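To start, the structure itself, in C-alpha coordinates.
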Amino acid sequence: MPEPTVGLAADYFQSYSVVGLLAVVGVLFVAVAFGAGHLLRPVVPTPEKLLTYECGVDPVGDGWAHTQVRYYVYAFLYVIFAVDSIFLFPWATVFADPGYGATTLVEMFIFLGFLAVGLLYAYRKGVLSWT
(Lines give C-alpha, C1' and ligand atoms only; values in the text may rest on other atoms or scores of the structure.)
Protein backbone atom coordinates (compact mmCIF):
# COMPACT_ATOMS: atom_id res chain seq x y z
CA MET A 1 0.00 0.00 0.00
CA PRO A 2 1.59 3.34 -1.04
CA GLU A 3 2.06 6.03 1.56
CA PRO A 4 -0.29 8.99 1.10
CA THR A 5 2.36 11.46 2.31
CA VAL A 6 4.49 10.93 -0.82
CA GLY A 7 1.83 12.51 -3.03
CA LEU A 8 1.31 15.37 -0.60
CA ALA A 9 5.05 16.10 -0.45
CA ALA A 10 5.28 16.16 -4.24
CA ASP A 11 2.36 18.59 -4.48
CA TYR A 12 3.93 20.73 -1.76
CA PHE A 13 7.28 21.05 -3.52
CA GLN A 14 5.61 21.54 -6.89
CA SER A 15 3.78 24.59 -5.56
CA TYR A 16 7.12 26.04 -4.45
CA SER A 17 8.69 25.29 -7.81
CA VAL A 18 6.41 27.95 -9.31
CA VAL A 19 7.72 30.47 -6.78
CA GLY A 20 11.31 29.46 -7.53
CA LEU A 21 10.75 29.75 -11.28
CA LEU A 22 9.27 33.21 -10.81
CA ALA A 23 12.28 34.26 -8.71
CA VAL A 24 14.69 33.01 -11.40
CA VAL A 25 12.78 34.86 -14.12
CA GLY A 26 12.89 38.05 -12.01
CA VAL A 27 16.65 37.79 -11.45
CA LEU A 28 17.22 37.13 -15.16
CA PHE A 29 15.06 40.12 -16.10
CA VAL A 30 17.10 42.44 -13.88
CA ALA A 31 20.41 40.98 -15.10
CA VAL A 32 19.42 41.39 -18.77
CA ALA A 33 18.25 44.97 -18.16
CA PHE A 34 21.50 45.96 -16.45
CA GLY A 35 23.59 44.15 -19.08
CA ALA A 36 21.76 45.89 -21.92
CA GLY A 37 22.22 49.25 -20.22
CA HIS A 38 25.93 48.59 -19.78
CA LEU A 39 26.35 47.62 -23.45
CA LEU A 40 24.23 50.41 -24.96
CA ARG A 41 25.25 53.45 -22.94
CA PRO A 42 27.93 55.79 -24.27
CA VAL A 43 31.14 56.03 -22.25
CA VAL A 44 32.61 59.51 -22.67
CA PRO A 45 34.40 60.60 -19.48
CA THR A 46 35.02 64.34 -19.16
CA PRO A 47 36.54 66.32 -16.27
CA GLU A 48 33.10 67.72 -15.44
CA LYS A 49 31.60 64.25 -15.19
CA LEU A 50 34.37 63.09 -12.86
CA LEU A 51 33.74 65.88 -10.30
CA THR A 52 31.95 65.11 -7.07
CA TYR A 53 28.36 66.36 -7.35
CA GLU A 54 26.32 67.39 -4.34
CA CYS A 55 22.96 69.12 -4.83
CA GLY A 56 24.13 71.24 -7.75
CA VAL A 57 26.93 72.90 -5.76
CA ASP A 58 30.55 72.47 -6.80
CA PRO A 59 32.68 70.98 -4.02
CA VAL A 60 34.80 73.77 -2.57
CA GLY A 61 36.69 73.79 0.70
CA ASP A 62 36.53 71.31 3.56
CA GLY A 63 34.17 68.35 3.42
CA TRP A 64 32.96 68.74 7.00
CA ALA A 65 29.77 70.68 7.67
CA HIS A 66 28.68 71.77 11.13
CA THR A 67 25.09 71.12 12.13
CA GLN A 68 23.65 72.80 15.17
CA VAL A 69 22.39 70.53 17.93
CA ARG A 70 19.06 72.30 18.28
CA TYR A 71 17.82 70.71 15.04
CA TYR A 72 18.22 67.30 16.65
CA VAL A 73 16.07 68.46 19.53
CA TYR A 74 13.28 69.43 17.11
CA ALA A 75 13.55 66.03 15.46
CA PHE A 76 13.38 64.37 18.87
CA LEU A 77 10.27 66.35 19.80
CA TYR A 78 8.69 65.35 16.50
CA VAL A 79 9.36 61.68 17.22
CA ILE A 80 7.78 62.02 20.65
CA PHE A 81 4.57 63.46 19.23
CA ALA A 82 4.53 60.96 16.35
CA VAL A 83 4.63 58.16 18.91
CA ASP A 84 1.85 59.93 20.77
CA SER A 85 -0.36 59.85 17.69
CA ILE A 86 0.47 56.18 17.12
CA PHE A 87 -0.88 55.38 20.59
CA LEU A 88 -3.95 57.58 20.21
CA PHE A 89 -5.46 55.69 17.26
CA PRO A 90 -5.63 52.24 18.91
CA TRP A 91 -6.87 53.88 22.09
CA ALA A 92 -9.74 55.45 20.17
CA THR A 93 -10.83 52.04 18.89
CA VAL A 94 -10.67 50.39 22.34
CA PHE A 95 -12.43 53.33 23.96
CA ALA A 96 -15.54 52.59 21.89
CA ASP A 97 -15.76 48.98 23.17
CA PRO A 98 -18.23 48.41 25.99
CA GLY A 99 -16.71 48.10 29.44
CA TYR A 100 -13.42 49.85 28.63
CA GLY A 101 -14.56 53.48 28.56
CA ALA A 102 -13.58 54.80 32.00
CA THR A 103 -10.41 52.71 32.35
CA THR A 104 -8.98 53.64 28.99
CA LEU A 105 -9.95 57.27 29.48
CA VAL A 106 -7.96 57.45 32.73
CA GLU A 107 -5.00 55.65 31.16
CA MET A 108 -4.97 58.05 28.22
CA PHE A 109 -5.09 61.09 30.48
CA ILE A 110 -2.11 59.70 32.41
CA PHE A 111 -0.24 59.16 29.13
CA LEU A 112 -1.09 62.64 27.86
CA GLY A 113 -0.07 64.03 31.26
CA PHE A 114 3.40 62.56 30.87
CA LEU A 115 3.66 64.10 27.41
CA ALA A 116 2.44 67.46 28.72
CA VAL A 117 5.09 67.40 31.46
CA GLY A 118 7.75 66.71 28.80
CA LEU A 119 6.45 69.53 26.64
CA LEU A 120 6.39 71.91 29.61
CA TYR A 121 9.97 70.94 30.46
CA ALA A 122 11.07 71.62 26.86
CA TYR A 123 9.26 74.97 26.91
CA ARG A 124 10.89 76.02 30.20
CA LYS A 125 14.34 75.08 28.89
CA GLY A 126 13.76 77.34 25.87
CA VAL A 127 13.93 74.52 23.36
CA LEU A 128 10.75 75.59 21.61
CA SER A 129 11.89 79.17 20.93
CA TRP A 130 13.17 79.59 17.42
CA THR A 131 16.23 81.86 17.25
Side-chain angles (χ1 to χ4, degrees):
M1 185 165 141
E3 293 183 27
T5 57
V6 173
L8 291 175
D11 290 340
Y12 179 77
F13 288 118
Q14 186 180 4
S15 65
Y16 276 108
S17 65
V18 173
V19 174
L21 180 65
L22 186 62
V24 168
V25 168
V27 168
L28 284 175
F29 181 75
V30 170
V32 167
F34 275 112
H38 181 70
L39 291 175
L40 297 175
R41 71 174 180 232
V43 180
V44 185
T46 61
E48 289 82 17
K49 287 183 180 179
L50 297 176
L51 275 177
T52 304
Y53 181 78
E54 182 67 33
C55 299
V57 179
D58 291 332
V60 177
D62 192 17
W64 290 97
H66 298 285
T67 304
Q68 294 192 12
V69 177
R70 69 174 178 228
Y71 297 122
Y72 294 111
V73 174
Y74 291 120
F76 185 67
L77 287 172
Y78 169 75
V79 168
I80 289 173
F81 288 106
V83 169
D84 175 34
S85 66
I86 289 172
F87 283 121
L88 281 174
F89 287 115
W91 168 78
T93 59
V94 171
F95 182 70
D97 289 342
Y100 291 106
T103 305
T104 57
L105 186 64
V106 170
E107 289 173 350
M108 188 49 65
F109 276 122
I110 291 171
F111 178 69
L112 292 175
F114 280 122
L115 288 176
V117 168
L119 184 62
L120 182 65
Y121 176 77
Y123 177 73
R124 291 247 174 124
K125 287 290 186 177
V127 173
L128 301 177
S129 63
W130 188 268
T131 56

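Computed from heavy atoms alone, side chains included, the values below leave out hydrogens, waters and symmetry copies. The structure displayed is predicted, hence computed values, not measured ones.
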Worked verdict on Leu28 versus Val24 for side chain to side chain contact (heavy atoms under 4.5 Å, CB included): CA-CA 6 Å; Leu28 284 175; Val24 168; 4.1 Å; yes
Applying side-chain contact (heavy atoms from CB on, under 4.5 Å) to Ile110 and not counting sequence neighbours gives Val106, Phe114
Could you check whether atom CZ of Phe109 has more than 12 heavy atoms from other residues, nucleotides or ligands sitting under 6.0 Å from it? no
Given the rule in the side chain to side chain contact (heavy atoms under 4.5 Å, CB included) test, do Tyr121 and Val117 qualify, once you have shown the distances and angles that lead to the verdict? CA-CA 6 Å; Tyr121 176 77; Val117 168; 5.5 Å; no
